[in-house]
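These notes are about the structure you will find just below.
Order of the sequence lines fixes the chain letters, A, B, ..., with proteins taken first and strands second; residue numbering starts at 1 for each chain.
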2 protein chains.
Amino acid sequence: MPKDTFFKLKEDKKRKLTEAFLREFSLKSYDEASITSVVKELGIAKGSVYQYFNDKLDLFMYLVGESSKVKQQYVAEIKREDFDDYWAFFRKLFSEGVKFDLENPLESHFLHNLPNNLNSPSIKQIYDQFLNQITSAFESMVQYEIDKGYFRDDLPVKTMAFFLYKSSLLIMEQMELFEGLSPAKSIINKEPVYKGKVDALMKTVDNYIIILKKSFDKIN
Amino acid sequence: MPKDTFFKLKEDKKRKLTEAFLREFSLKSYDEASITSVVKELGIAKGSVYQYFNDKLDLFMYLVGESSKVKQQYVAEIKREDFDDYWAFFRKLFSEGVKFDLENPLESHFLHNLPNNLNSPSIKQIYDQFLNQITSAFESMVQYEIDKGYFRDDLPVKTMAFFLYKSSLLIMEQMELFEGLSPAKSIINKEPVYKGKVDALMKTVDNYIIILKKSFDKIN
DNA sequence: GCAAAATATGACTTAGTGGTCACAATTTTG
DNA sequence: CAAAATTGTGACCACTAAGTCATATTTTGC
């Protein structure tokens, strides 16, 4: 957790600081991201950062928390019960994700880069923890669908959950690869990740749904 | 390419050197891997390494080439034409991969860690190059199946290829996560990646085939 | 307006890294 | 066996990083 000093900072300075570090961690992995270079950019002393945060990890986790909070505001109310099947629900998560992206480019870029970011060797424990949480969340979802008789029941739940989670990451990875997203540019210009590519994204999501539906649905 | 000096080295020294660096790059990413620490372990001077190789990347690429060559000996003769469907072919690639693993633990560990390894920021170009090659190889395979009427033809080939390639990586990732592979230990003990887990691996492969078959086959 | 508390500073420490190079040791050659 | 070519060496360079801390500045409370 950040120190008191940070929270007592003026809103403006707090925001500038947060944004600068969001940018840094959006463009680079945890290990690459350099506090030294950000403080230079901000024109403040490095010591200041350590008046606000205990260490680099503290700072990073703060950014994760804040960005997640913002995104939660968009997806928290999306309930599985409100949809006929899992895939409509799945699709809605992405379309609301786009809204989040358009309205909070910086936080979106940061979260978009998070899986890469967590791959840094020096925070492997954090990554493992994160992966555990998310796979167990996906397990619950898959189990729910199986219990309702929607998903097939002849495969290990863990495998299905893992596959599903990774597939959703693949969508983003494919967008980056095929659609030539250029995070560096859009971050500088404060533009959303998927600016001008929303249709392509949703098309990709639909394609992935076609693939996954076939594999996961009990009857199709 | 390594310098002449390296190739003129005694077989024994060459092997010791290669093995030590294979170990290092199997356990760490490209950027993490430390030449300094390996030369200490080997008890030779750092300067020697630079008598053999132009730089770190030269050394790394040599290891990639050598390991790939060894693996090629196992999979090169596996031809799609000799199998009824893609999935039998797919499965055979894994089962021969296991043989390679059992007989060449070090090279296997190295290749197993390669996708992680290539994620290092300082060799992003190499990664992109690699990804391009491999996805276009997968595209050819998918196109072949589509032309023969085996795979569905209502999805972009690129998407299918990318999905298929990433799925095969997922198998390894899942093994590591669920089956508790411990590369660090098995490398030290010169044990194969999948020692005692071959059945679990092939079971996982079969599960993935069940999933992928449903999505990819035109008729099922 | 002044003392005390809070905040800002940046030179400095420690710890890595890849890569170099003048020189030493060894091996090959004639 | 000596001269020449090859190979080995490790101190050293240039660089970058996270984190510290005595000191300076600013803000707050009275």
Name every residue in [range] that has at least one heavy atom under 4.0 Å from any atom of DNA chain D, in order of residue number, or write none if there are no such residues.
| range | answer |
| --- | --- |
| residues 4-14 of chain A | none |
| residues 49-59 of chain B | B:Gln51, B:Tyr52 |
| residues 37-47 of chain A | A:Lys46, A:Gly47 |

Near-ring test [Y]/[X], centroid separation under 6.0 angstrom:
| X | Y | value |
| --- | --- | --- |
| B:Phe178 | A:Phe162 | yes |
| B:Tyr194 | B:His112 | yes |
| B:Phe151 | B:Trp87 | yes |

Mind running ring pair (Phe, Tyr, Trp, His ring centres under 6.0 Å) on B:Tyr208 and B:Phe216 for me, showing each step along the way? CA-CA 12 Å; B:Tyr208 271 71; B:Phe216 281 62; over 10 Å; no

Using a heavy-atom cut-off of 4.0 Å across all strands, would you classify A:Ser48 as base, sugar-phosphate, or nothing? base

Quick one: sort the [X] and [Y] rings into parallel, tilted or perpendicular, breaks at 30° and 60°.
| X | Y | result |
| --- | --- | --- |
| B:Phe53 | B:Tyr62 | tilted |
| B:Phe83 | B:Phe89 | tilted |
| B:Phe60 | B:Phe25 | tilted |

Nucleotide [N], atom [atom2] - distance to [atom1] of [X] in whole Å:
| X | N | atom1 | atom2 | value |
| --- | --- | --- | --- | --- |
| A:Lys28 | D:dT16 | NZ | C1' | 11 Å |
| B:Asp31 | C:dG19 | CG | P | 11 Å |
| A:Lys3 | C:dA8 | NZ | C1' | 13 Å |
| B:Glu32 | D:dA17 | CD | P | 17 Å |
| B:Ile35 | C:dG19 | CD1 | C1' | 8 Å |

Using the rule side-chain contact (heavy atoms from CB on, under 4.5 Å), only one of A:Lys56, A:Lys40, A:Glu24, A:Glu41 pairs with A:Ser34; which is it? A:Glu24

State plainly whether the residues B:Asp12 and B:Lys16 are in salt-bridge range, i.e. N to O under 4.0 Å. yes

Any side-chain N or O of B:Ser34 below 4.0 angstrom from OP1/OP2 of C:dG16? no

Would B:Lys13 and B:Tyr52 satisfy side chain to side chain contact (heavy atoms under 4.5 Å, CB included), going step by step from the backbone distance to the final call? CA-CA 12 Å; B:Lys13 187 163 193 180; B:Tyr52 308 147; 3.7 Å; yes

Is the closest side-chain heavy-atom distance between B:His109 and B:Pro183 below 4.5 Å? yes

